[in-house]
Amino acid sequence: MRQVELRHLRYFVAVAEAGSMMAGARAVGIVQPALSRQIRELEEAIGTPLLLRRSTGVALTAAGASFLRDATRILTELQASRDRALRSAAGQLGELRLGVLPNYFPLPVVSDVLKAFRDTCPDVMLSIAPRLSSEQAAAIARGELDGGIMAWRQDVAPHLSGLRLLRDRFVLAMLSTPGQRVRAPRRLAELAGAPFIWFDPLRSSAQHRFLLEQCRRAGFTPRIAQVGSDIPTLIGLVAAGMGYAFVPESTSPMCPRTVRLVALDELASRFDVEFVYDGQADSPVVRRFLAALRTTVSA
């Protein structure tokens with residue numbers, strides 16, 4: 001028994017729509033005898049005549065009319081599947097799963113990148129999860145995330161690729177009660193014995209080491225009185241009067257009026273905030289996101 005192939009469907013639809021073998025042959029670009037043979041093969045495979053041959057052309061049998069509807073639908077769906085496959089290969093369809101450090105998500109540079117990506121790839125679904133850098137790196141390695149906006153890549157995931165969004169530094173966060181004038185310290189030594197709210201070293205050992213090294217070079221040992229799980233928590237505890245904290249300078253727009261950020265020369269070292277991804281994965285959607293990021297950062 002013959003198999004029905006896609007070419008049979010295309011030839012049959014062409015003949016049915018043209019109304020004659022001659023016109024159908026011109027439409028598909030083959031000679032009429034070859035087209036007639038293909039239609040006979042199709043009818044043998046189906047097991048019943050699909051066309052009535054007349055001197056004036058062809059007409060559909062009842063079976064032919066039914067088969068035409070199905071053949072047209074199959075060819076349309078095949079073309080749509082091909083288009084979807086090409087768009088997926090170009091990174092215009094699918095899903096992009098991103099991790100983002102919670103304190104960097106509200107920054108204009110991040111929202112600008114996301115908007116640029118959405119403008120060029122409106123049919124890609126964005127899935128965004130707030131996670132710390134080490135958590136993002138582990139999720140990328142497991143294939144749970146396609147990339148992430150994080151710091152400390154060289155420490156937590158040197159095997160991953162990265163593209164810088166910005167350079168940041170740590171500043172001192174201190175309580176600033178409205179109506180009260182409190183002199184900001186100029187050196188860390190002035191804060192000897194003062195309570196500090198520290199980032200959980202188990203959740204971000206790279207940040208912990210980075211800050212301790214700067215304190216060590218300044219000859220300062222912080223008295224850690226409280227521990228917070230993320231930067232917004234640290235800022236909230238400072239606002240509650242629990243002590244001082246070191247937070248990224250970029251968090252300034254998010255701080256309440258009761259929290260003042262002070263830049264100290266002893267905390268001048270900067271660190272990179274990057275979009276981090278697995279360069280070996282060769283994801284079309286990630287390539288599209290990288291293009292949007294490069295355009296945004298260079299603008």
Side-chain angles (χ1 to χ4, degrees), residues 85 87-107 109-118 120-121 123-170 198-213 227-234 246-248 250-251 269-297:
R87 294 185 67 201
S88 295
Q92 296 175 322
L93 275 184
E95 180 182 9
L96 182 63
R97 303 162 300 171
L98 295 179
V100 182
L101 279 170
N103 51 295
Y104 287 104
F105 188 68
L107 295 186
V109 65
V110 175
S111 57
D112 289 347
V113 169
L114 294 177
K115 182 180 184 304
F117 178 73
R118 171 60 63 220
T120 57
C121 300
D123 296 324
V124 173
M125 185 176 74
L126 271 173
S127 175
I128 299 176
R131 297 190 186 185
L132 299 183
S133 295
S134 58
E135 296 169 348
Q136 292 184 48
I140 293 171
R142 293 193 299 267
E144 296 171 3
L145 290 178
D146 300 303
I149 295 173
M150 68 171 75
W152 326 114
R153 173 178 62 89
Q154 294 293 350
D155 293 271
V156 301
H159 59 287
L160 296 178
S161 302
L163 185 63
R164 183 197 297 168
L165 278 79
L166 66 128
R167 300 207 78 200
D168 210 346
R169 60 175 289 190
F170 282 99
W198 207 256
F199 203 97
D200 186 349
L202 295 179
R203 300 194 69 194
S204 184
S205 58
Q207 177 175 314
H208 174 71
R209 290 193 302 269
F210 182 84
L211 280 170
L212 281 186
E213 175 59 22
V227 173
S229 60
D230 53 36
I231 297 299
T233 299
L234 266 61
F246 296 127
V247 301
S250 61
T251 58
S269 297
R270 292 190 174 270
F271 59 93
D272 290 338
V273 178
E274 302 174 292
F275 171 65
V276 177
Y277 60 101
D278 183 355
Q280 302 300 315
D282 194 31
S283 163
V285 175
V286 169
R287 290 200 300 270
R288 284 276 181 173
F289 189 81
L290 284 168
L293 193 154
R294 291 188 180 100
T295 300
T296 303
V297 172

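Everything numeric in this text was worked out from a predicted model, so none of it was measured.
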* Structure fact -> For D112, the salt bridge (Lys or Arg N to Asp or Glu O under 4.0 Å) test, sequence neighbours excluded, returns none
* **Listed once per pair and sorted, the side chain to side chain donor-acceptor pair (under 3.5 Å) pairs that draw on residues 201-212, sequence neighbours left out** => E135-R203, W198-H208, S205-R209
* To do: Would you give the length of the straight line joining atom OG of S229 to atom CG of L132, rounded to the nearest 0.5 angstrom?
  => 7.5 Å
* Structure fact -> Note: V124 and L96 closest approach over all heavy atoms is CG1-N, 3.9 Å
* Set of residues satisfying side chain to side chain contact (heavy atoms under 4.5 Å, CB included) with respect to S134, sequence neighbours excluded -> V156
* Asked: Do NZ/NE/NH1/NH2 and the carboxylate oxygens of E274 and R153 come within less than 4.0 Å?
  -> yes
* To do: With sequence neighbours left out, write down each residue that passes salt bridge (Lys or Arg N to Asp or Glu O under 4.0 Å) with D123, or none if nothing qualifies.
  => R87
* **With R169 via salt bridge (Lys or Arg N to Asp or Glu O under 4.0 Å) - residues at least two apart** => none
* Asked: To the nearest 0.5 Å, what is the distance between CZ (R164) and CG (L293)?
  -> 12.0 Å
* Taking all non-hydrogen atoms of both residues into account, name the closest pair between V276 and I140 and its distance. => O-CD1, 3.6 Å
* So do P248 and I231 actually touch side chain to side chain, heavy atoms under 4.5 Å? -> yes
* Any residue meeting ring-ring contact (aromatic ring centres under 6.0 Å, His included) with F117, in chain and number order, not counting sequence neighbours -> F289
* Structure fact -> With sequence neighbours left out, the residues meeting side chain to side chain contact (heavy atoms under 4.5 Å, CB included) with P232 are N103, D230
* To do: Would you name the heavy atoms of Q136 and G99 that are closest together and state the gap between them?
  => OE1-O, 3.1 Å
* Closest approach of L234 and F246, non-hydrogen atoms and distance? -> CD2-O, 4.0 Å
* Asked: CD of Q280 to CG of L160: how many Å apart, nearest 0.5 Å?
  -> 10.0 Å
* Asked: Considering residues at least two apart in sequence or located in another chain, which fulfil the ring-ring contact (aromatic ring centres under 6.0 Å, His included) criterion with F271?
  -> W152, F170, F210
* With sequence neighbours left out, what residues match E213 under side chain to side chain contact (heavy atoms under 4.5 Å, CB included)? -> R216, R217
* Reference residue F275; test side chain to side chain contact (heavy atoms under 4.5 Å, CB included); the match among L290, V110, V113, V100 -> L290
* Which atom of D282 lies closest to which atom of R287, heavy atoms considered -> OD1-NH1, 2.6 Å
* Judged by atom type as modelled, is there a donor-acceptor pair below 3.5 Å linking the side chain of S133 to the main-chain atoms of M150? -> no
* Roughly how far apart are L211 CG and S269 OG, rounded to 0.5 Å? -> 10.0 Å
* **For H159, side chain to side chain contact (heavy atoms under 4.5 Å, CB included) partners two or more places apart** => A157
* Structure fact -> Sequence neighbours excluded, the answer for salt bridge (Lys or Arg N to Asp or Glu O under 4.0 Å) partners of R118 is none
* In sequence, state the C-alpha distance, the side-chain angles, and the governing distance for I128 and F105, and then conclude on side-chain contact (heavy atoms from CB on, under 4.5 Å). => CA-CA 10 Å; I128 299 176; F105 188 68; 3.9 Å; yes
* Provide the closest heavy-atom pair for Y277 versus G162 in the form atom of the first, atom of the second, distance. => CE2-N, 4.2 Å
* Structure fact -> Quick note, side chain to side chain donor-acceptor pair (under 3.5 Å) partners involving residues 88-99, not counting sequence neighbours, are R97-D146
* Euclidean distance, I149 CD1 relative to L114 CG, rounded to 0.5 Å -> 6.0 Å
